[in-house]
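Numbers here are sequence positions counted from 1. For ligands, and for the atoms within them, numbers begin at 1 and follow the listed sequence.
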Amino acid sequence: MNLSSDPDRSGQPECSSRHGGRHKATSGVHFTVSVVLPAGGTGERTGLVTPKQFYMFLNRPLISYTIQAFERLSWIQHIVVVVAEESIALTRDIVQRFQHTKVRVVSGGATRHRSIFNGVQALDPGESAATPDVVIIHDAVRPFVEEDFLLEIAMAAKENGASGAIRPLVSTVIATTSEGYLDHSLERGKYRASEMPQGFLYGVIHQAYQKCSEFDFDFGTECLHLALQHTGTRAKLIEGPPTLWKVTYKRDLAAAESIIKETLCRSACVTSDGSKRARELGRCLQKVMASLDMELDVLPEPIGDASRLSKEWNFIKLFVNGSGLSEVEETVKALEAANRALLHPVVVVWVRLDTSDGMSVSETGAGHLPLMELASAAKLQNILLYGIHFLLSEEDAGFSEGSVKRLAELTYTLIHDRNALLAGQMLCA
Ligand SMILES: Nc1ccn([C@@H]2O[C@H](COP(=O)(O)OP(=O)(O)OP(=O)(O)O)[C@@H](O)[C@H]2O)c(=O)n1
Ligand SMILES: O=P(O)(O)OC[C@@H](O)[C@@H](O)[C@@H](O)CO
């Protein structure tokens with residue numbers, strides 16, 4: 001999953017290649033590409049009342065994550081989101097609230113194929129404009145799709161007429177007799193699971209749906225099959241990464257939330273009051289956090305996080321001399337002004353170092369009403385502000401490994417969990 005750091009989504013975001021490297025995607029796409037996101041289902045297999053495409057992750061519905069995965073790509077022109085009639089208003093509200101672009105919402109059908117066909121037809125504006133060269137079809141409940149794989153699918157569709165993502169089978173496929181006994185099993189190595197995204201020349205998928213039967217519409221699950229059966233187009237199959245999986249069962253919701261949280265806590269920007277001691281603490285914290293797989297960028301200049309506001313999801317502010325709450329407030333206001341927390345909650349951790357022995361929590365607690373007030377206001381902007389009292393005894397002035405580890409683990413947990421209920425709390429490390 002890529003979190004476009006570009007708030008206005010105009011740039012080419014970084015994308016993590018399937019080989020682990022991170023590089024700027026150079027699209028090289030010299031044809032038009034539009035997308036159909038079928039989202040008209042009821043998500044019965046999750047067992048939830050709310051259809052899974054509207055399930056909230058960190059205050060944002062699943063469908064918004066998938067839309068963002070496509071709209072951030074400059075080489076994609078239009079995105080048609082296909083939803084049930086009764087969800088059209090909700091979906092249009094989501095598009096407006098999260099400032100999605102390129103999106104058109106249309107009504108779906110009783111089956112996935114009927115919904116997809118409605119989406120494909122919506123891409124044909126008639127005389128007013130041209131249809132896209134290539135259509136990417138992608139289940140709206142598959143939010144983790146990377147740019148480099150989408151490029152492969154689009155290029156292969158342009159060249160071959162159709163393309164599709166595949167993954168190795170995890171379980172063996174077997175056929176049963178009508179009495180429920182084993183009839184035969186398939187040689188697993190010869191088969192693959194068909195996933196999404198899939199790509200088609202517009203004419204191929206449009207013709208396939210125009211020629212398919214009512215049985216296809218009501219019981220089919222494979223667009224690639226329709227393209228072959230009704231247009232003779234044999235899709236190019238491309239093995240995709242494991243993150244292409246479809247949110248289907250309740251367990252998948254927990255897995256999706258875990259991936260989203262993991263993606264948001266890979267780095268943090270550390271600033272301080274500029275004192276020697278605070279900078280030393282920043283360096284010690286950086287070392288320990290690296291063992292927690294979080295990359296800390298310790299900025300030399302005091303309170304210098306302005307340069308990171310447009311691309312960082314986490315800010316740690318270290319203060320040795322004095323409160324620092326006013327500087328924290330400045331950071332919060334800058335994040336609000338940049339509308340930085342529109343798509344994901346941003347975390348600010350305020351760390352106050354105290355070396356006075358025997359300071360009781362009640363003594364420290366008295367000074368933290370301002371924190372709670374600031375945090376309550378910030379939470380309304382999706383900014384989560386936490387305080388940590390880093391208490392050191394007089395003899396521990398050198399930041400022992402144990403004390404820094406305590407601070408690092410607490411800080412990491414706050415950033416990873418993004419628990420809104422803890423916002424405004426002053427914890428002790
Ligand atoms: N009439 C339908 C049925 C499904 N879909 C969409 O097709 C994608 C994949 O389908 P699936 O995972 O089966 O979704 P549901 O049909 O909602 O799930 P369930 O079968 O558990 O009800 C989903 O994004 C779903 O919203 C659709 O657009 N129109
Ligand atoms: O059958 P469902 O509607 O649950 O999900 C659709 C999947 O079958 C489909 O997304 C891939 O298998 C590719 O065709």
Side-chain angles (χ1 to χ4, degrees), residues 35-55 61-67 69-70 79-88 90-91 94 103-123 135-145 149 153 157 162-171 173 191-200 204-205 208-209 212 214 216-229 233 235-240 242-253 255-256:
V35 178
V36 173
L37 299 179
T42 56
E44 284 175 23
R45 284 171 286 181
T46 61
L48 298 175
V49 173
T50 307
K52 58 192 176 183
Q53 57 271 34
F54 300 115
Y55 186 85
L62 174 57
I63 192 168
S64 175
Y65 287 89
T66 310
I67 292 171
F70 287 90
I79 302 168
V80 174
V81 178
V82 191
V83 298
E85 191 68 32
E86 61 269 21
S87 302
I88 285 183
L90 168 63
T91 308
I94 290 167
V103 173
R104 182 177 168 201
V105 180
V106 301
S107 64
T111 65
R112 177 170 169 268
H113 272 326
R114 293 184 189 281
S115 293
I116 293 171
F117 188 27
N118 286 5
V120 170
Q121 288 179 300
L123 286 172
V135 180
I136 291 177
I137 299 172
H138 187 74
D139 295 328
V141 292
R142 296 174 187 259
F144 308 117
V145 60
F149 188 69
I153 287 290
S163 62
I166 54 173
R167 287 286 305 158
L169 285 174
V170 173
S171 302
V173 177
Y191 295 86
R192 292 291 181 273
S194 174
E195 304 293 347
M196 303 299 264
Q198 295 177 348
F200 303 86
V204 166
I205 192 66
Y209 274 119
C212 78
E214 287 305 304
D216 285 328
F217 271 125
D218 289 339
F219 301 102
T221 60
E222 186 47 76
C223 304
L224 301 180
H225 168 74
L226 298 181
L228 178 58
Q229 187 179 23
T233 304
K236 173 69 176 170
L237 303 177
I238 304 172
E239 182 162 326
T243 48
L244 287 181
W245 106 96
K246 176 165 68 75
V247 172
T248 303
Y249 299 103
K250 194 168 188 180
R251 66 170 185 260
D252 296 323
L253 296 168

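Scanning the protein heavy atoms around atom 7 (O) of ligand 1, the nearest turns out to be Arg112 CD, 3.4 Å. Considering only non-hydrogen protein atoms, atom 3 (O) of ligand 2 sits nearest to Arg112 CD, 3.8 Å. Atom 27 (C) of ligand 1 has its closest protein heavy atom at Gly40 N, 3.2 Å. Here the heavy atom of the protein found nearest to atom 14 (O) of ligand 2 is Glu222 OE1, 2.9 Å. Nearest non-hydrogen protein atom to atom 6 (C) of ligand 1 is Pro38 O, 3.6 Å. Atom 17 (O) of ligand 1 has its closest protein heavy atom at Gly43 N, 2.7 Å. Atom 25 (C) of ligand 1 has as its closest protein heavy atom Gly41 N, 3.7 Å.
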Checklist entry - Would Ile116 and Val82 count as a side chain to side chain contact (heavy atoms under 4.5 Å, CB included) if you check the C-alpha gap in whole Å, the side-chain angles of each, and the deciding distance to 0.1 Å? => result CA-CA 7 Å; Ile116 293 171; Val82 191; over 6 Å; no
Checklist entry - Would Phe219 and Thr111 count as a side chain to side chain contact (heavy atoms under 4.5 Å, CB included) if you check the C-alpha gap in whole Å, the side-chain angles of each, and the deciding distance to 0.1 Å? => result CA-CA 8 Å; Phe219 301 102; Thr111 65; over 6 Å; no
Next on the checklist: Assess the residue pair Leu90 and Phe54 against the criterion (side chain to side chain contact (heavy atoms under 4.5 Å, CB included)); give the C-alpha distance rounded to whole Å, side-chain angles, the decisive distance to 0.1 Å, and a yes or no.
Outcome noted: CA-CA 9 Å; Leu90 168 63; Phe54 300 115; 3.7 Å; yes
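In summary, the atoms of ligand 2 found under 4.0 Å from a heavy atom of Gln198, numbered by their order in the structure, are 13 (C), 14 (O). Close contacts of ligand 1 with Ser115, meaning ligand atoms under 4.0 Å from a residue heavy atom, involve 1 (N), 2 (C), 27 (C), 28 (O), 29 (N). Each of the atoms 23 (C), 24 (O) of ligand 1 lies under 4.0 Å from some heavy atom of Val141. Ligand-side atoms of ligand 1 in range of Arg45: 11 (P), 12 (O), 13 (O), 18 (O), 19 (P), 20 (O), 21 (O), range being under 4.0 angstrom from any heavy atom. Per-residue contacts place Ala140 under 4.0 angstrom from the following atoms of ligand 1 (heavy atoms of the residue considered): 24 (O). Listed by number with element, the atoms of ligand 2 under 4.0 Å from a non-hydrogen atom of Asp139 are 9 (C), 10 (O). When each atom of ligand 1 is checked for a heavy atom of Glu44 under 4.0 Å away, the hits are 19 (P), 21 (O), 22 (O). Close approach to Ala110 involves these atoms of ligand 1, each under 4.0 Å from a residue heavy atom: 1 (N). Less than 4.0 angstrom separates some heavy atom of Thr221 from each of these atoms of ligand 2: 1 (O), 8 (O), 14 (O).
At least one heavy atom of Lys52 sits less than 4.0 Å from an atom of ligand 1. Residue contact check for ligand 2: Cys223 places no non-hydrogen atom closer than 4.0 Å to it.
Side-chain atoms of Glu239 and Arg167, non-hydrogen and from C-beta on, do get closer than 4.5 Å to each other. Counting only heavy atoms from C-beta outward, the side chains of Thr46 and Tyr55 never approach each other to under 4.5 Å. Using a 4.5 Å cut-off on side-chain heavy atoms (C-beta onward), Leu237 and Ser194 make no contact. At least one side-chain heavy atom of Arg114 sits less than 4.5 Å from a side-chain heavy atom of Asp218. Annotation: side chain of Phe144 is in contact with side chain of Trp245 (closest heavy-atom distance under 4.5 Å). Residues Val80 and Leu123 are in side-chain contact: their nearest non-hydrogen atoms beyond the backbone lie under 4.5 Å apart. At a threshold of 4.5 Å between non-hydrogen side-chain atoms, the residues Phe149 and Leu244 count as touching. Counting only heavy atoms from C-beta outward, the side chains of Gln121 and Val106 never approach each other to under 4.5 Å.
Here the shortest heavy-atom distance to atom 8 (C) of ligand 1, taken over Val247, Val36, Leu48, Asp139, belongs to Asp139. When Arg45, Met196, His225, Lys246 are ranked by how near their heavy atoms come to atom 7 (C) of ligand 2, first place goes to Lys246. Here atom 11 (C) of ligand 2 lies nearest to Ser194 when heavy atoms of Ser115, Ser194, Pro197 are compared.
For ligand 1, the polar-atom distance check against Thr248 finds no nitrogen or oxygen pair separated by under 3.5 Å. For ligand 1, the polar-atom distance check finds an N/O of Gly109 within less than 3.5 Å of one of the ligand's N/O atoms. Between Val82 and ligand 1, a contact under 3.5 Å exists for no N or O pair. For a threshold of 3.5 Å applied to N or O pairs, the pair formed by Glu195 and ligand 2 contains no separation below that value. Remark: ligand 1 and Thr46 share no N or O pair separated by less than 3.5 Å (distance only, no angle test).
In this structure, the side chain of Lys52 does not engage the main chain of Val141 through any donor-acceptor pair within 3.5 Å. No donor-acceptor pair closer than 3.5 Å links the side chain of Thr42 to the backbone N or O of Pro51. Side-chain atoms of Ser163 come within 3.5 Å of backbone N or O of Ile153 as a donor-acceptor pair.
Other residues, nucleotides and ligands contribute only 12 or fewer heavy atoms inside 6.0 Å of the CZ atom of Arg104. The local environment of NZ in Lys250 is sparse, with at most 12 non-hydrogen atoms from other residues, nucleotides or ligands closer than 6.0 Å.
When non-hydrogen atoms are compared, ligand 1 lies under 4.0 Å from the backbone of Thr42 as well as from its side chain. Residue contacts with ligand 2 for Arg142 involve side-chain atoms from C-beta outward but no N, CA, C or O (heavy atoms, distance under 4.0 Å). With a 4.0 Å cut-off on non-hydrogen atoms, Arg114 does not touch ligand 1 at all.
Ion pairing of Arg112 with Glu222 is absent here, as no side-chain N (NZ or NE/NH1/NH2) approaches a carboxylate O to less than 4.0 Å.
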